[in-house]
Amino acid sequence: MIIQSIELNNFRNYENLQISFDEGTNILFGDNAQGKTNILEAAYLSGTTKSHKGSKDKEMIRFGTNEAHLRTMVLKNGKQYQIDMHLKHNRSKGIAVNKIPMKKASELFGILNIVFFSPEDLEIIERGPDARRHFIDMELCQLDPMYLFHLTKYKQVLRQRNELLKQIGLNKDLLDTLDIWNSE
């Protein structure tokens, strides 16, 4: 998989940027606060639909503008993909692959597999097992769409089971249904 180019319009500090990458190693260098990390964030966003910083969409839109656009060209297994992302202040992001709109952000996973480790990610060690599990889950979801499906289902069952545990405190008759949720 190769990121061939990234085009940014009104993304973070960039009004317009078009950058092409070589197939080998690429090095971004420059003074502090010039936008190197913003390019990396755009690549991560194109692969995962989320910012590595946890930023909201409106925070990634250049100050003084209403929307941002990212276009990432990816070559994977001999096939070219054009990933377009539209960020707006008060609406959910629009995502299209090869000009076909995606209904769910999860449909994007697997096209651009990207692992992003930044100084902010040191919190996965400081915050404990939940942060580490989230980091690993994000990487595995990119590799296997079925993992994302099962993870989503597991989290839903866990929420319902935890809600049942709260209800059991009020109504002991519900204790009989706990085994069903435990087996799920």
Side-chain angles (χ1 to χ4, degrees), residues 1-21 26 28 33-77 79-121 123-124 130-131 133-156 159:
M1 180 214 62
I2 300 164
I3 298 176
Q4 297 176 309
S5 65
I6 294 177
E7 182 180 330
L8 305 174
N9 297 100
N10 295 323
F11 181 80
R12 294 282 188 190
N13 66 323
Y14 290 106
E15 182 176 357
N16 290 301
L17 173 74
Q18 293 180 334
I19 185 168
S20 296
F21 300 99
N26 292 270
L28 302 175
Q34 298 303 303
K36 299 177 299 291
T37 304
N38 294 343
I39 295 169
L40 298 175
E41 180 180 27
Y44 188 80
L45 185 68
S46 296
T48 65
T49 74
K50 305 261 187 242
S51 165
H52 74 284
K53 296 177 183 178
S55 300
K56 295 180 171 117
D57 290 353
K58 65 183 178 182
E59 294 169 358
M60 293 181 280
I61 298 171
R62 188 168 176 258
F63 185 74
T65 62
N66 294 322
E67 56 188 56
H69 184 258
L70 293 81
R71 175 169 291 143
T72 306
M73 301 300 291
V74 177
L75 183 63
K76 183 173 184 177
N77 298 329
K79 184 175 180 185
Q80 191 162 17
Y81 295 91
Q82 176 180 310
I83 301 169
D84 287 297
M85 222 171 260
H86 214 103
L87 308 176
K88 296 186 179 184
H89 271 283
N90 296 318
R91 293 178 48 197
S92 59
K93 69 177 62 76
I95 305 167
V97 175
N98 295 336
K99 300 186 180 182
I100 300 171
M102 300 284 103
K103 291 184 174 111
K104 295 187 286 184
S106 62
E107 294 177 48
L108 182 63
F109 281 11
I111 295 172
L112 176 55
N113 299 331
I114 190 163
V115 176
F116 190 101
F117 192 77
S118 69
E120 292 91 356
D121 289 322
E123 71 182 31
I124 67 174
D130 287 346
R133 169 54 60 193
H134 178 72
F135 181 82
I136 291 169
D137 283 342
M138 285 300 296
E139 306 319 317
L140 290 173
C141 286
Q142 293 181 71
L143 296 174
D144 184 1
M146 287 307 295
Y147 184 86
L148 175 61
F149 172 79
H150 290 298
L151 179 64
T152 304
K153 186 171 173 48
Y154 169 76
K155 286 183 177 183
Q156 180 182 17
R159 271 192 305 274

Gap separating the [atom1] atom of [X] from the [atom2] atom of [Y], nearest 0.5 angstrom:
{"X": "Tyr154", "Y": "Arg159", "atom1": "OH", "atom2": "CZ", "answer": "11.5 Å"}
{"X": "Ile3", "Y": "Ile114", "atom1": "CD1", "atom2": "CD1", "answer": "4.5 Å"}
{"X": "Gln82", "Y": "Ile100", "atom1": "CD", "atom2": "CD1", "answer": "11.0 Å"}
{"X": "Met73", "Y": "Gln18", "atom1": "CE", "atom2": "CD", "answer": "11.5 Å"}

Residue pair [X] / [Y]: nearest heavy atoms and the distance that separates them:
{"X": "Met60", "Y": "Ser51", "value": "SD-CB, 3.8 Å"}
{"X": "Leu148", "Y": "Cys141", "value": "CD1-SG, 3.6 Å"}
{"X": "Ile111", "Y": "Lys76", "value": "O-CD, 3.2 Å"}

With sequence neighbours excluded, what pairs up with [X] under the side-chain hydrogen bond (donor to acceptor under 3.5 Å, both in side chains) test?
{"X": "Thr49", "answer": "none"}
{"X": "Glu139", "answer": "Gln142"}
{"X": "Arg91", "answer": "none"}
{"X": "Asp130", "answer": "none"}

Give every residue pair that meets the ring-ring contact (aromatic ring centres under 6.0 Å, His included) criterion with at least one member in residues 39-59, sequence neighbours excluded.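 The answer is Tyr44-Phe116, His52-Phe116.
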Report the C-alpha distance between Asn66 and Ile61 in whole Å, list the side-chain angles of each, state the deciding distance to 0.1 Å, and finish with yes or no for side chain to side chain contact (heavy atoms under 4.5 Å, CB included). CA-CA 7 Å; Asn66 294 322; Ile61 298 171; over 6 Å; no
If we only count heavy atoms from C-beta on, is the [X] to [Y] side-chain gap below 4.5 Å?
{"X": "Ile39", "Y": "Phe21", "value": "yes"}
{"X": "Leu70", "Y": "Leu87", "value": "yes"}
{"X": "Leu108", "Y": "Val97", "value": "yes"}
{"X": "Tyr81", "Y": "Thr72", "value": "no"}
{"X": "Leu140", "Y": "Leu151", "value": "no"}
{"X": "Asn38", "Y": "Leu8", "value": "no"}
{"X": "Phe109", "Y": "Thr48", "value": "yes"}

Return yes when atom CG of Asn16 has more than 12 non-hydrogen atoms of other residues, nucleotides or ligands closer than 6.0 Å, and no otherwise.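 Yes.
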Inspect the surroundings of NE2 in His134 and state if more than 12 heavy atoms from other residues, nucleotides or ligands are less than 6.0 Å away.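 Not buried by this count: 12 neighbours or fewer within 6.0 Å.
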Those residues that, when tested against [X], pass side chain to side chain contact (heavy atoms under 4.5 Å, CB included) (two or more places apart):
{"X": "Lys104", "value": "Ser106, Glu107"}
{"X": "Asp144", "value": "Met146, Tyr147"}
{"X": "Ser20", "value": "Ser5"}
{"X": "Glu15", "value": "Asn10, Arg62"}

Only counting residues at least two apart or in another chain, list the ones meeting ring pair (Phe, Tyr, Trp, His ring centres under 6.0 Å) with His69. His86
Who passes salt bridge (Lys or Arg N to Asp or Glu O under 4.0 Å) against Glu7, sequence neighbours left out? none
Can you tell me which residue pairs pass the salt bridge (charged side-chain N to carboxylate O under 4.0 Å, His left out) test with a partner in residues 35-61, sequence neighbours excluded? Arg12-Glu41, Asp57-Lys93
